2 protein chains.
Amino acid sequence: MAKGLSWLSLFLSLLVCCGVLAAQDKLLARAQRAFKPVPETPPPLADNPLTPEKIELGKMLYFDPRLSSSWLISCNTCHNLALGGVDLLETSIGHGWQKGPRNSPTVLNAVFNLAQFWDGRAKDLKEQAKGPVQAAVEMNSTPERAVKTLKSIPEYVERFKKAFPGEADPVSFDNMARAIEAFEATLLTPDSRFDRYLKGDTAAINAQEKRGLELFLNKGCVACHGGVNLGGTGYFAFGVVEKPGADVLPPADKGRFEVTKTATDEY
Amino acid sequence: MAKGLSWLSLFLSLLVCCGVLAAQDKLLARAQRAFKPVPETPPPLADNPLTPEKIELGKMLYFDPRLSSSWLISCNTCHNLALGGVDLLETSIGHGWQKGPRNSPTVLNAVFNLAQFWDGRAKDLKEQAKGPVQAAVEMNSTPERAVKTLKSIPEYVERFKKAFPGEADPVSFDNMARAIEAFEATLLTPDSRFDRYLKGDTAAINAQEKRGLELFLNKGCVACHGGVNLGGTGYFAFGVVEKPGADVLPPADKGRFEVTKTATDEY
């Protein structure tokens, strides 16, 4: 009798175990359909082949406050690589201690976004990089001023030549943006625990996290927050389920409406 | 006759050559008495033994804007390591876009200075590091606020524990300053061409530079700008030969007088 019971209990345990494993496999399969792990290497960039010289130049430019009119503010000021690619502020502090209108987005994995800026007004990082340099509330400079500054620094002239070989006038605002894009495209965070899970290592996230993942999939979060970057694949108004009231919405900010002039794109 | 002349010319050339070499040796000997090359490794710090954990923690703190009340300004803002350890501004931009009263000194090789700040009011880099964090015109924070911020970040708590093992309360303002000092002590620029010259490589600087060195020694520049760091070994009023007029001197700045209350120490 005792022996029979013990066989039965082993059999039941195996059944439960198989059920759990099957559920785990099903969860992984669902996750793999909804998300893609962050790649180890940057994707090819339109009209901007990656070279070590260009990436290194872009890195110098990214950290150089001399692209701002005050020489205080660099790309890294608002997109601080030591702080998750952001400044951890509600809205950034810019030229003359002005407050910017929107929260600064992270530059980490940003190369995988459908477009750049919250309203998608720049189609890629190269176009994006030109914005803050010129914005009066951010770096407050001009293309002419930025190029003049860069041309006054012999090491930059040399590095632009090497990053853009064969060009008659390599130190240009366009090439500055190209180099910054090239560097930013390398700012990837592959091999997180969730990435490893997606690659098939089912032990990479724990049971609680798996329950969270299941909720995330079941409740529909994944409808917007999916793909390679857990989001950044479409445009959505602020407050997807319910539009917030005037007490929450910034008064003068129409969101993507400014780009598309389409009523449904209002913030 | 032709043969005799050629021997004579060889002999004269040798004489000139020996003369030049002797002059070169003399110049090198004078330079070696006046200057010392920048060492490859940091000097021992008073009451602050260097460890890799402490240096790495100090590096994180050095670049962390969260030590300022705005979360915008880090040590690196005014002492930018990519710009020679300074901000390249006449006077720095601080909290609320205020202008600081004095030019920010470089942090490179600063560990060899007799004391810190232009007026020497901090005896070492550890004491110096506490100043800007609290200065209303700079980072505008307080020791309490800085420590509260650091204690709220688990990775910092962990790193302070490792950098200051065995201490009951390792996350302190003092230890923050110690870690920053440890990192800053590693910011050395050894093996410059001038350093290599001082070490005996007489070809490391060219003939024009040697003429400049000779002038520097003969005209008395070396009286203040000598030692391991080409200066930083004493206190000197602004305008050593002739005190500038009120149009040049900053109106409310008494210089080292504020520290010593000695009339001859006025800016």
Side-chain angles (χ1 to χ4, degrees), chain A residues 56-100 103-104 106-107 132 136-141 145-146 148-150 152-156 159 179-180 183, chain B residues 56-100 103-104 106-107 132 136-141 145-146 148-150 152-156 159 179-180 183:
Chain A
E56 191 55 36
L57 170 62
K59 183 177 178 184
M60 291 177 70
L61 293 166
Y62 189 87
F63 287 98
D64 199 326
R66 289 172 294 185
L67 295 181
S68 70
S69 69
S70 63
W71 290 23
L72 181 77
I73 299 170
S74 69
C75 304
N76 192 64
T77 301
C78 301
H79 309 281
N80 193 321
L81 299 188
L83 302 177
V86 296
D87 53 12
L88 303 178
L89 299 173
E90 263 189 36
T91 61
S92 302
I93 296 170
H95 186 79
W97 213 256
Q98 295 174 88
K99 288 285 215 101
N103 186 261
S104 79
T106 183
V107 74
V137 65
E138 296 179 57
M139 294 164 83
N140 192 44
S141 194
R145 188 186 168 120
K148 199 178 156 191
T149 300
L150 293 171
S152 76
I153 303 167
E155 193 182 336
Y156 268 130
R159 282 178 179 265
I180 292 174
F183 169 61
Chain B
E56 190 57 35
L57 169 62
K59 183 177 177 182
M60 291 177 70
L61 294 166
Y62 188 88
F63 287 98
D64 201 326
R66 289 171 295 186
L67 296 181
S68 70
S69 69
S70 63
W71 290 21
L72 181 77
I73 298 170
S74 69
C75 305
N76 192 65
T77 301
C78 301
H79 308 281
N80 193 320
L81 298 188
L83 303 177
V86 296
D87 52 13
L88 303 178
L89 299 173
E90 261 189 38
T91 62
S92 301
I93 296 170
H95 186 79
W97 214 258
Q98 295 173 89
K99 287 285 214 101
N103 187 262
S104 80
T106 184
V107 74
V137 65
E138 298 180 55
M139 294 164 82
N140 192 44
S141 195
R145 186 185 171 122
K148 199 177 156 192
T149 300
L150 293 171
S152 76
I153 303 167
E155 192 182 335
Y156 268 130
R159 283 178 178 265
I180 291 174
F183 170 60

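Residue numbers begin at 1 in each chain, while the letters A, B, ... track the order of the sequences. Keep in mind it's a predicted model, so treat the numbers as computed, not measured. Computation of the quantities below employed the complete heavy-atom set of this structure, encompassing side-chain atoms and omitting hydrogens, waters and symmetry-equivalent molecules.
The side-chain heavy atoms of A:Met139 and A:Leu67, taken from C-beta on, include a pair separated by under 4.5 Å. Looking only at side-chain heavy atoms (C-beta outward), B:Trp97 and A:Leu72 come within less than 4.5 Å of each other.
Under the ring pair (Phe, Tyr, Trp, His ring centres under 6.0 Å) criterion, A:Tyr62 pairs with A:Phe183, sequence neighbours left out.
Using a 4.5 Å heavy-atom cut-off against chain A, the contacting residues of residues 75-86 of chain B are B:Thr77, B:Asn80, B:Leu83.
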Listed pairs under 3.5 Å, donor-acceptor, residues 88-96 of chain B side chains, sequence neighbours left out:
{"residue": "B:Thr91", "atom": "OG1", "partner": "B:Gly100", "partner atom": "O", "Å": "3.2"}
{"residue": "B:Ser92", "atom": "OG", "partner": "B:Asp87", "partner atom": "OD2", "Å": "2.5"}
{"residue": "B:His95", "atom": "NE2", "partner": "B:Asn140", "partner atom": "ND2", "Å": "3.0"}

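In this structure, A:Gln98 contributes its side chain and A:Ala136 its backbone to a donor-acceptor pair below 3.5 Å.
The salt bridge (charged side-chain N to carboxylate O under 4.0 Å, His left out) analysis of residues 63-82 of chain B, with sequence neighbours excluded, yields the pairs B:Asp64-B:Arg66.
For chain B, the nearby parts of A:Ser70 are the backbone and the side chain; heavy atoms of each come within less than 4.5 Å.
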